[in-house]
Amino acid sequence: MAQKPAIPKGTRDFLPDEVARRTYIFDTIKSVFKTYGFAPIETPSFELSSTLLGKYGEEGDRLIFRILNSGEKMKKADLDALKSENLARFANSLAEKALRYDLTVPFARFVVQHQNDLSFPFKRYQIQPVWRADRPQHGRYQEFYQCDADVVGSDSLLYEVDFVQIFDQVLTNLQIPGFTIKINNRKILSGIAEVSGESDKLIDITVAIDKLDKVGEEGVIKELLEKGVSENAIGIISPLFQIGGSNEERLAQMKTFLKDSEIGLKGIEELEFVLNQTTELGLERAEIEFDVTLARGLNYYTGAIFEVKVHDVKMGSICGGGRYDDLTGLFGLSGLSGVGISFGADRIYDVLNELDLYPEDTNAGLTLLFANFGDKEAAYCMKLTKKLRQIGVDCEVYPSAVKMQKQFKYADNRKVKFVALIGDDELTKGQLQVKNMESGEQKAMTETELLQFFKG
RNA sequence: GAGGUUGUAGCUCAGUUGGUUAGAGCGCUGGUUUGUGGUACCAGAGGUCGCGGGUUCGAGACCCGUCUCCCUCCCCA
């Protein structure tokens with residue numbers, strides 16, 4: 001035997017039953033996206049490196065899978081960069097293409113390229129795999145699916161309201177018992193930086209504050225000091241650590257805190273609008289929480305920021321999203337505001353598996369199997385399968401006339417719902433035996449009765 | 001990218017301080033005579049103990065390297 005086969009780390013194979021479960025998740029998400037007026041698009045799995053690089057920050061660039069140039073293009077390798085140890089530039093000269101890292105940046109590219117064919121606001125959804133050269137961990141893969149819905153070309157906050165409803169609808173439909181939609185606004189974070197007098201350290205401050213629930217107040221202060229934030233500024237920021245209570249109470253506290261920051265107050269106003277509208281509409285299973293410490297790494301968000309966490313499961317956020325006022329600006333089309341969300345299908349899949357939340361019929365089973373009693377009988381069954389398939393019944397004939405025990409065992413493993421037995425007797429009588437594999441009940445019926453039975 | 005951990009049949013694991021032909025359960029295959037599965041009984045197949053090197057008379061067990069899994073950080077879905 002050759003060496004045992006393997007797949008790259010952070011990737012997975014899916015068996016038929018697993019695919020059935022994943023299809024259920026994708027279908028649930030798709031159908032909700034559709035009811036909110038989103039239409040699907042697709043983009044290539046790889047893009048030009050120049051499209052992706054520099055869009056996700058330094059960390060993100062490191063996680064982008066590069067596609068090595070081949071043939072003559074190998075000659076484009078920048079050997080000078082290698083000599084001068086500029087490895088990043090050398091790597092870029094070796095790879096003109098790269099696997100997509102998310103669906104948002106390719107979408108921005110798509111919008112700019114097809115701007116004349118689109119009517120705005122443009123709403124699309126996209127369900128495709130993305131790749132990250134990350135170190136695999138629980139709920140973290142190198143290949144995984146994102147399910148994105150975005151709108152570009154409108155700055156209306158009604159879309160933020162819609163997205164909150166979509167989170168609630170999808171996760172409720174998937175039977176997830178409890179989950180929290182965390183919401184914040186990047187303008188509030190800007191306001192905090194402004195009030196503290198450290199506007200240029202916005203990113204450092206938000207990243208540090210984001211860790212509050214993980215490292216605690218002291219941890220955050222330590223990180224702020226390390227990043228060179230002044231003690232004075234930290235003194236101004238620290239009251240934020242005490243913010244709590246209901247969403248209304250938090251808003252009130254933040255209003256006071258940000259009273260001298262125009263941008264901060266704008267953020268509060270936007271957030272208040274979304275929260276109020278959401279209260280008007282109501283939520284099925286979701287809880288919504290204003291979380292000042294919610295930051296999210298991506299540098300392109302400018303307004304609302306979302307993140308969804310499932311209760312009682314140890315798993316990173318299963319959904320994220322937010323508003324980006326000028327994403328397409330990176331590709332030369334400015335002035336288009338966008339807002340979007342993403343469902344992490346693979347994490348949702350893991351959560352559903354962990355909580356065992358699949359509906360009963362989510363498997364790759366077969367509806368009807370014809371037992372094989374010999375050539376003559378099988379030939380008759382083949383004719384029947386053709387008729388059944390025309391009315392949409394999935395069925396098949398067992399391939400050989402082996403002993404019944406074996407055929408039934410096969411039916412069992414395939415999770416077959418019904419087995420039809422047509423032997424010599426039945427052929428002459430025109431009566432078929434149909435056995436319900438779950439109840440064990442077996443009854444005789446004619447061919448027309450059989451077709452009728454499965455039609456209903 | 002940094003640190004830690006794990007790796008024995010298809011799966012879940014046992015395997016005493018290194019010592020003969022490496023075990024169990026589940027699963028799988030066949031059987032328990034006539035056309036009936038999910039239960040029972042019997043039998044069988046299946047492992048160069050992640051991979052490569054080293055120490056030793058002898059290594060699944062010890063050492064080094066490497067890959068993988070999982071975990072912490074980072075970042076995120």
Side-chain angles (χ1 to χ4, degrees), chain A residues 1-12 15 25 29 56-64 87-88 101-104 127-148 203 207-208 210-211 214-215 219 223 294-299 305-310 314-322 340-351 369-374 377 398 401-427 432-442:
Chain A
M1 262 294 271
Q3 219 180 356
K4 273 189 185 170
I7 54 175
K9 64 176 175 184
T11 64
R12 299 185 283 182
L15 296 168
I25 295 171
I29 294 171
Y56 308 100
E58 210 176 303
E59 277 293 311
D61 277 3
R62 210 189 67 213
L63 299 178
I64 291 173
L87 295 178
Y101 175 89
D102 71 358
L103 300 178
T104 308
I127 297 181
Q128 292 191 283
V130 303
W131 294 268
R132 294 186 188 177
D134 205 352
R135 183 164 290 199
Q137 243 177 78
H138 181 57
R140 174 174 301 202
Y141 304 95
Q142 293 209 338
E143 178 185 62
F144 61 97
Y145 273 78
Q146 288 195 330
C147 312
D148 279 28
I203 304 271
V207 167
D210 186 35
K211 292 176 190 154
K214 233 177 194 171
V215 299
E223 176 156 346
L294 175 63
R296 298 192 55 75
L298 296 175
N299 347 32
I305 318 168
F306 305 110
E307 197 167 285
V308 180
K309 298 267 297 181
V310 177
K314 205 180 162 233
M315 176 72 71
S317 57
I318 56 166
C319 309
I341 58 170
S342 178
F343 287 83
D346 291 80
R347 284 190 178 172
I348 293 174
Y349 172 70
D350 288 346
V351 167
L369 175 76
F370 287 88
N372 189 324
F373 287 91
E377 292 87 345
Y398 193 85
V402 296
K403 45 165 58 175
M404 274 310 110
Q405 196 183 29
K406 193 170 172 163
Q407 300 196 33
F408 269 91
K409 207 158 191 183
Y410 171 79
D412 233 20
N413 293 340
R414 278 290 303 272
K415 298 196 182 84
V416 171
K417 293 191 185 75
F418 297 94
V419 173
L421 299 141
I422 304 168
D424 206 26
D425 272 8
E426 287 81 6
L427 262 191
L432 346 166
Q433 295 290 332
V434 178
K435 177 165 179 165
N436 180 326
M437 290 298 282
E438 208 185 324
S439 64
E441 195 184 336
Q442 185 169 320

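Just so it is clear: chains get the letters A, B, ... in the order the sequence lines come, proteins before strands, and each one is counted from 1. As the structure is a prediction and not an experimental result, all values here were calculated from the model.
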For atom C1', what is the distance between B:rG25 and B:rU21, given to the nearest Å? 23 Å
Which of these, A:D424, A:D425, A:L421, sits in a side-chain contact (heavy atoms from CB on, under 4.5 Å) with A:F373? A:L421
How far does the C1' atom of B:rC62 sit from the matching atom of B:rU17, given to the nearest Å? 12 Å
Sort by first number and list every stem of RNA chain B: at least 3 consecutive Watson-Crick or G-U wobble pairs, both distances under 3.5 Å. B:1-4 with B:70-73, B:10-13 with B:23-26, B:28-32 with B:40-44, B:50-54 with B:62-66
Start at the 5' end of RNA chain B and walk down; is the nucleotide closest to A:E223 or to A:I318 reached first? A:E223
Which nucleotide, B:rC69, B:rC75, B:rA77, lies nearest any side-chain atom of A:R132? B:rA77
B:rA77 OP1/OP2 closer than 4.0 Å to side-chain N/O of A:K309: no
Out of B:rA77, B:rU72, B:rC69, minimum distance to the side chain of A:Y141 belongs to B:rA77
By the 4.0 Å heavy-atom rule, please label A:G10 as base, sugar-phosphate, or nothing. sugar-phosphate
Suppose you measure atom P in B:rA45 against the same atom in B:rG23; what distance do you get, rounded to whole Å? 13 Å
Among the nucleotides B:rC70, B:rC69, B:rA77, whichever has the atom closest to the side chain of A:K9 is B:rC69
Tell me every residue that passes side-chain hydrogen bond (donor to acceptor under 3.5 Å, both in side chains) with A:Y141, counting only those two or more places apart in sequence or in another chain. A:R12, A:D350
Using the P atoms only, state how far B:rC42 lies from B:rU56, rounded to an integer number of Å. 49 Å
Take nucleotides 28-37 of chain B nucleotide by nucleotide from the 5' end and write B, S or -, depending on whether a protein heavy atom sits under 4.0 Å from the base, only from the sugar-phosphate, or from neither. --SSB--BBB
When rounded to the nearest Å, what value does the distance between P atoms of B:rU6 and B:rG15 take? 14 Å
Distance criterion of 3.5 Å, no angle test: do you see the side chain of A:R62 paired donor-to-acceptor with the base of B:rC74? no
